[in-house]
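Since the structure comes first, as structure tokens, the remarks are kept for the end.
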Amino acid sequence: QVQLVESGGGLVHAGGSLRLSCAASGRTFSRYAMGWFRQAPGKEREFVATIIWSGGTTYYADSVKGRFTISRDNSKNTLYLQMNSLKPEDTAVYSCAAGRYGRSETNYAYWGQGTPVTVSS
């Protein structure tokens, strides 16, 4: 099993940046693809980005492509999401997940509790 804990969320002005982290417990972190998802108030959870076990391949939602970067450090059991040029519509609770590479929630077996991000206009 993998336990996931996100951090790094907060309040930022539009155009600003934040870096989210997802710390994983256990010795099997490097076996899993990882993903970031987000859920805005009153909306369903949506895919943000995913990365394979080695970090060599990534995939992004069109809404964040070119602004967000997903990365991982397997030596630290940590996943990251660098978010630049933030927009008010990026406001959401961001969650990391471990599982199989892909954009579907059903690919992921393990989920963190999430960290809130608020972007003010």
Side-chain angles (χ1 to χ4, degrees):
Q1 285 197 346
V2 178
Q3 286 78 46
L4 304 171
V5 179
E6 302 93 338
S7 62
L11 174 64
V12 63
H13 291 298
S17 299
L18 280 175
R19 188 175 83 155
L20 305 184
S21 298
C22 171
S25 64
R27 294 175 291 179
T28 59
F29 174 75
S30 62
R31 296 182 183 179
Y32 294 98
M34 299 295 295
W36 284 101
F37 290 78
R38 67 186 182 185
Q39 186 167 20
K43 295 187 177 181
E44 293 187 353
R45 186 160 57 187
E46 65 174 1
F47 166 77
V48 174
T50 184
I51 187 167
I52 66 170
W53 68 273
S54 67
T57 300
T58 57
Y59 179 74
Y60 297 91
D62 287 343
S63 59
V64 306
K65 196 175 299 183
R67 300 188 297 122
F68 290 11
T69 302
I70 188 172
S71 62
R72 66 191 295 164
D73 186 338
N74 288 343
S75 69
K76 296 181 179 179
N77 281 8
T78 304
L79 174 74
Y80 303 100
L81 185 68
Q82 178 67 43
M83 306 187 295
N84 298 329
S85 302
L86 282 161
K87 305 175 181 179
E89 52 264 45
D90 294 320
T91 295
V93 174
Y94 285 71
S95 299
C96 62
R100 294 181 294 113
Y101 182 75
R103 65 179 299 146
S104 173
E105 290 183 40
T106 59
N107 283 27
Y108 299 90
Y110 304 104
W111 292 81
Q113 292 298 308
T115 185
V117 172
T118 302
V119 184
S120 63
S121 57

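Just so it is clear, the model here is predicted, and its values are computed rather than measured. For reference, positions follow the sequence shown, starting with 1.
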**Request:** Verify the cluster assignment for Y94 and Y32: are they in a single hydrophobic cluster under the rule of side-chain heavy atoms below 4.5 Å apart?
**Result:**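 Yes; tracing contacts between hydrophobic side chains, which count when under 4.5 Å, links both residues.
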**ILVMFWY network linking Y59 to Y108, side-chain heavy atoms under 4.5 angstrom** =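 Same cluster: Y59 reaches Y108 through Ile, Leu, Val, Met, Phe, Trp or Tyr contacts under 4.5 Å.
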Between the side chain of [X] and the main-chain N/O of [Y], is any donor-acceptor distance below 3.5 Å?
{"X": "Y110", "Y": "C96", "result": "no"}
{"X": "R45", "Y": "E105", "result": "no"}
{"X": "T50", "Y": "M34", "result": "yes"}
{"X": "N74", "Y": "W53", "result": "yes"}
{"X": "T91", "Y": "V119", "result": "yes"}

Reported [atom1]-to-[atom2] distance for the pair [X] and [Y], which is rounded to 0.5 angstrom:
{"X": "W36", "Y": "F68", "atom1": "CH2", "atom2": "CZ", "result": "11.0 Å"}
{"X": "N77", "Y": "C22", "atom1": "CG", "atom2": "SG", "result": "10.0 Å"}
{"X": "Q82", "Y": "L18", "atom1": "CD", "atom2": "CG", "result": "8.5 Å"}
{"X": "L4", "Y": "L79", "atom1": "CG", "atom2": "CG", "result": "8.5 Å"}

Where do [X] and [Y] come nearest, in terms of heavy atoms and distance?
{"X": "G102", "Y": "N107", "answer": "CA-ND2, 3.4 Å"}
{"X": "S121", "Y": "A14", "answer": "CA-CB, 4.3 Å"}
{"X": "Y101", "Y": "T57", "answer": "OH-CG2, 3.4 Å"}
{"X": "H13", "Y": "S120", "answer": "ND1-OG, 2.9 Å"}
{"X": "A49", "Y": "Y60", "answer": "CB-CD2, 3.6 Å"}

**Request:** Would you mind checking if K65 and D62 are paired as a salt bridge, meaning a charged N to carboxylate O distance below 4.0 Å?
**Result:**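 Looking at D62 and K65, the cut-off is met.
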**Asked** Can you find a pair of side-chain heavy atoms, one from Q3 and one from V5, that are under 4.5 Å apart?
**Response**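 Heavy-atom side-chain distance check fails, nothing below 4.5 Å.
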**Item:** Note, V64 side chain near R38 side chain (heavy atom, < 4.5 Å)
**Value:**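 Yes, close enough: below the 4.5 Å cut-off.
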**Prompt:** More than 12 heavy atoms of other residues, nucleotides or ligands under 6.0 Å from CH2 of W111: is that the case?
**Reply:**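 Yes.
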**Request:** Evaluate the criterion side chain to side chain contact (heavy atoms under 4.5 Å, CB included) for residue pair R67 and M83; output intermediate values, then yes/no.
**Result:** CA-CA 6 Å; R67 300 188 297 122; M83 306 187 295; over 6 Å; no
**Request:** Go through the steps to decide whether V117 and L20 satisfy the test side chain to side chain contact (heavy atoms under 4.5 Å, CB included), and finish with yes or no.
**Result:** CA-CA 9 Å; V117 172; L20 305 184; 4.0 Å; yes
**Message:** Can you see whether E6 engages T115 through a side-chain donor-acceptor pair at a distance of less than 3.5 angstrom?
**Reply:**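 No, no side-chain donor-acceptor pair sits under 3.5 Å.
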**Request:** Step by step, work out the side-chain hydrogen bond (donor to acceptor under 3.5 Å, both in side chains) result for R19 and Y80.
**Result:** CA-CA 7 Å; R19 188 175 83 155; Y80 303 100; 4.7 Å; no
